[in-house]
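Order of the sequence lines sets the chain letters (A, B, ...), proteins ahead of strands, with each chain counted from 1. Scope of the values below: all heavy atoms of this structure, side chains included, with no hydrogens, waters or symmetry mates.
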Number of protein chains: 2
Amino acid sequence: MSSASLNAPLPRLSKNGGPLYLQIAERLQRNIASGRYAVGSLLPTEHELSDHFGVSRQTVRQAILHLRQMRLISARKGIGTRVEARDAGATFSHSVRSLSELAQYAEETVLHVRDVKPVVLRGELAATLGRPAGETWLRLSGPRMLPGEDAPFCWTTTYLDRRLAGNVSTRRSYTHPIWRQIEQEADIRVREVRQSIAAKVLGRTDAARLQRPAGSAALEISRCYVIDGGVVTQLSISLHPADRFRYESVLKRDCASI
Amino acid sequence: MSSASLNAPLPRLSKNGGPLYLQIAERLQRNIASGRYAVGSLLPTEHELSDHFGVSRQTVRQAILHLRQMRLISARKGIGTRVEARDAGATFSHSVRSLSELAQYAEETVLHVRDVKPVVLRGELAATLGRPAGETWLRLSGPRMLPGEDAPFCWTTTYLDRRLAGNVSTRRSYTHPIWRQIEQEADIRVREVRQSIAAKVLGRTDAARLQRPAGSAALEISRCYVIDGGVVTQLSISLHPADRFRYESVLKRDCASI
DNA sequence: GAGTGGTCTAGACCACAAC
DNA sequence: TTGTGGTCTAGACCACTCC
């Protein structure tokens with residue numbers, strides 16, 4: 001079976017069927033979906049594809065970029081272009097608004113630090129942070145308030161690497177996220193955030209802090225802030241009363257939004 | 001002040017400081033961060049930038065693409081390139097694993113349909129779906145089970161547009177996601193998923209369904225499946241016992257992963 | 001009509017991986 | 001050494017927006 005029979009020369013030009021690179025991307029996508037290009041195998045080289053489709057290599061590269069953005073394929077210098085998934089539908093890899101509130105709500109609310117004290121890492125906390133037990137970190141906790149409201153928006157507990165804390169520990173309230181301040185002061189850059197959301201029933205202590213009845217529901221959001229090398233610099237745990245907070249996000253398919 | 005004084009000609013070439021387009025992107029990013037290019041204003045045209053930096057327009061376009069992937073700028077044909085945000089750090093727009101489990105866990109678990117019946121949309125449900133009250137949809141509900149386990153993984157209630165349901169309503173169990181089946185049968189494509197996560201306290205009915213004590217915590221995940229044109233085709237509400245489920249995601253900065 | 005970003009070409013050299 | 005994808009050039013035409 002010749003490759004021409006599978007990727008027949010394009011019968012349409014840009015004027016008819018949209019941009020060439022999209023037509024080529026769709027053709028490749030169909031051959032991946034059909035199994036003609038198996039997951040794990042390499043696509044034909046860019047040179048072969050440009051010969052085969054009768055277009056420039058740049059146009060083939062644009063088609064490949066499109067499929068890479070959909071996480072259907074990946075490319076590595078000196079190796080080739082590898083098929084990563086048969087079906088873009090299974091991935092849903094791109095999120096648009098997921099953590100926008102990570103920075104957003106921090107600017108509408110004020111975090112009041114009620115308590116600061118050093119803690120020695122051990123057990124689960126040390127494991128979560130990926131740090132040796134015995135290391136001393138700093139723990140800040142307090143309510144986050146919305147302007148003009150009486151009951152807290154959430155109760156936040158933050159663990160900080162003491163060496164990076166700088167003068168964070170001296171402040172009593174924050175309108176900007178703590179991790180942003182540490183980024184600037186310590187000249188580091190958070191590369192990713194590992195987030196975990198769980199449901200809780202409020203015990204007496206947390207219920208009092210949030211001014212809600214004990215036994216009512218709350219959403220607990222834990223976030224590990226990770227810099228280059230996989231090092232965790234901060235862990236924040238926020239407890240939100242269920243009647244004041246939902247975690248909302250929009251997940252888009254493909255990378256069509258760019 | 002001449003623009004040359006702000007974007008001085010590049011003193012380094014590719015050999016020294018990495019790819020030209022990245023050097024240009026970083027220079028533009030600095031000028032955006034400093035406020036030299038204000039949010040809402042237009043960057044110099046691609047032609048001007050290629051003149052100014054002494055590179056080809058294609059190289060400038062690669063730099064611009066890089067910043068677009070970070071959502072710092074956007075481009076519109078016939079208009080120009082607009083500055084969207086001063087700081088990439090505030091966005092965290094890309095998520096990697098957020099909803100992978102959307103397809104993932106559905107393949108490890110089995111949804112058992114215990115109840116199917118038509119429902120007439122009204123009130124909050126009609127509003128959530130963005131459909132007129134009075135329309136008749138289909139409601140499926142039942143437990144999702146993990147192989148070899150006795151207690152349900154979650155209890156799922158799914159609302160379906162009856163016109164798209166096809167023979168979905170006749171099946172009694174699913175190992176693949178329902179929305180994937182509808183996509184194939186109705187030849188539509190889900191473009192985005194709007195997701196909302198909340199904490200609940202289990203009432204008697206749900207507690208019995210999940211084989212958990214009444215008064216314990218649960219995570220409620222609601223998902224609206226949206227096709228082109230913003231039309232909602234499905235709403236799923238899953239109730240997970242808090243002791244068996246956490247919602248985990250990793251959020252990465254920039255678009256460096258492609 | 002003038003100017004913008006979007007697409008496309010036909011070359012070229014490079015860094016990297018495999019043999 | 002050979003071949004891969006990554007980068008880059010100097011052109012070109014197009015669709016779109018605004019005047």
Side-chain angles (χ1 to χ4, degrees), chain A residues 3 9-28 37 40-69 71-84 255-258, chain B residues 3 9-28 37 40-69 71-84 255-258:
Chain A
S3 75
L10 296 171
R12 311 245 173 283
L13 294 172
S14 176
K15 293 211 173 188
N16 304 316
L20 269 179
Y21 79 90
L22 281 182
Q23 296 177 45
I24 292 169
E26 281 159 19
R27 227 163 259 238
L28 293 173
Y37 297 136
S41 68
L42 298 181
L43 287 187
T45 69
E46 295 179 352
H47 182 69
E48 285 169 350
L49 288 172
S50 70
D51 270 4
H52 173 247
F53 286 117
V55 300
S56 72
R57 187 180 155 219
Q58 171 68 16
T59 302
V60 166
R61 279 183 63 77
Q62 249 184 299
I64 285 175
L65 176 62
H66 188 76
L67 298 180
R68 286 173 68 180
Q69 289 174 333
R71 318 247 169 202
L72 276 176
I73 59 180
S74 66
R76 268 188 306 170
K77 201 189 293 191
I79 307 281
T81 308
R82 187 186 133 105
V83 180
E84 295 293 342
C255 224
S257 50
I258 292 181
Chain B
S3 76
L10 295 171
R12 311 246 172 282
L13 293 173
S14 175
K15 292 210 175 190
N16 305 315
L20 269 180
Y21 79 91
L22 282 182
Q23 296 176 45
I24 292 169
E26 280 159 19
R27 226 163 259 240
L28 292 173
Y37 297 136
S41 68
L42 297 180
L43 287 187
T45 68
E46 295 179 351
H47 182 70
E48 286 168 352
L49 288 172
S50 70
D51 271 6
H52 173 248
F53 287 116
V55 300
S56 73
R57 188 180 153 217
Q58 172 67 16
T59 302
V60 166
R61 279 182 63 77
Q62 251 185 298
I64 285 175
L65 176 63
H66 188 76
L67 298 180
R68 286 173 68 180
Q69 289 174 334
R71 319 245 168 203
L72 276 177
I73 60 181
S74 66
R76 269 188 305 169
K77 201 188 293 191
I79 307 281
T81 308
R82 187 188 135 104
V83 180
E84 295 294 342
C255 224
S257 50
I258 292 183

By nearest atom, which of the nucleotides [options] is closest to the [X] side chain?
| X | options | answer |
| --- | --- | --- |
| B:I79 | D:dC8, D:dG5, D:dT17 | D:dT17 |
| B:R61 | D:dG6, C:dG5, D:dT9 | C:dG5 |
| A:A75 | D:dG5, D:dT9, C:dT7 | D:dG5 |

Interatomic distance where [atom1] belongs to [X] and [atom2] belongs to [N] [whole Å]:
| X | N | atom1 | atom2 | value |
| --- | --- | --- | --- | --- |
| B:L65 | D:dT7 | CG | C1' | 14 Å |
| B:H47 | D:dA10 | NE2 | C1' | 12 Å |
| A:I64 | D:dG5 | CD1 | C1' | 9 Å |
| A:F53 | C:dC8 | CZ | C1' | 16 Å |
| A:K77 | C:dA15 | NZ | C1' | 4 Å |
| A:L67 | D:dG5 | CG | P | 14 Å |
| B:I73 | C:dT4 | CD1 | C1' | 14 Å |
| B:D51 | D:dA10 | CG | P | 11 Å |

Give, for atom [atom1] of [X] and atom [atom2] of [Y], the distance between the pair rounded to the nearest 0.5 Å.
| X | Y | atom1 | atom2 | value |
| --- | --- | --- | --- | --- |
| B:S50 | B:R61 | OG | CZ | 11.5 Å |
| A:T59 | A:F53 | OG1 | CZ | 11.5 Å |
| B:L28 | B:E26 | CG | CD | 10.0 Å |
| B:I64 | B:L72 | CD1 | CG | 12.0 Å |
| A:Q62 | A:L65 | CD | CG | 7.5 Å |

Relative to the 5' end of DNA chain C, which residue comes earlier, A:Q62 or B:G78, by the nucleotide with the nearest heavy atom? B:G78
Tell me whether the OP1 or OP2 atom of [N] has a side-chain N or O from [X] closer than 4.0 Å.
| X | N | result |
| --- | --- | --- |
| B:T81 | C:dT4 | no |
| A:T45 | D:dT4 | yes |
| A:Y21 | C:dC8 | no |
| A:R76 | D:dT4 | no |
| A:R68 | D:dG6 | yes |

Between the base of C:dG6 and the side chain of B:R57, is there a donor-acceptor distance below 3.5 Å? yes
Contact check, side chains of A:L49 and A:T81, non-hydrogen atoms, under 4.5 Å: no
Taking all heavy atoms of A:Q23 and all of A:G18, pick out the closest pair and write down the distance. NE2-O, 2.7 Å
B:R82 and B:G40 have their tightest heavy-atom pair at NH1-O, 3.7 Å
Have a look at the helix from C:dG1-D:dC18 to C:dA18-D:dT1 and give the angle its two end axes make, five pairs each, rounded to 10 degrees. 10°
Of A:G80 and A:Q58, the one whose nearest nucleotide on DNA chain D sits closer to the 5' end is A:G80
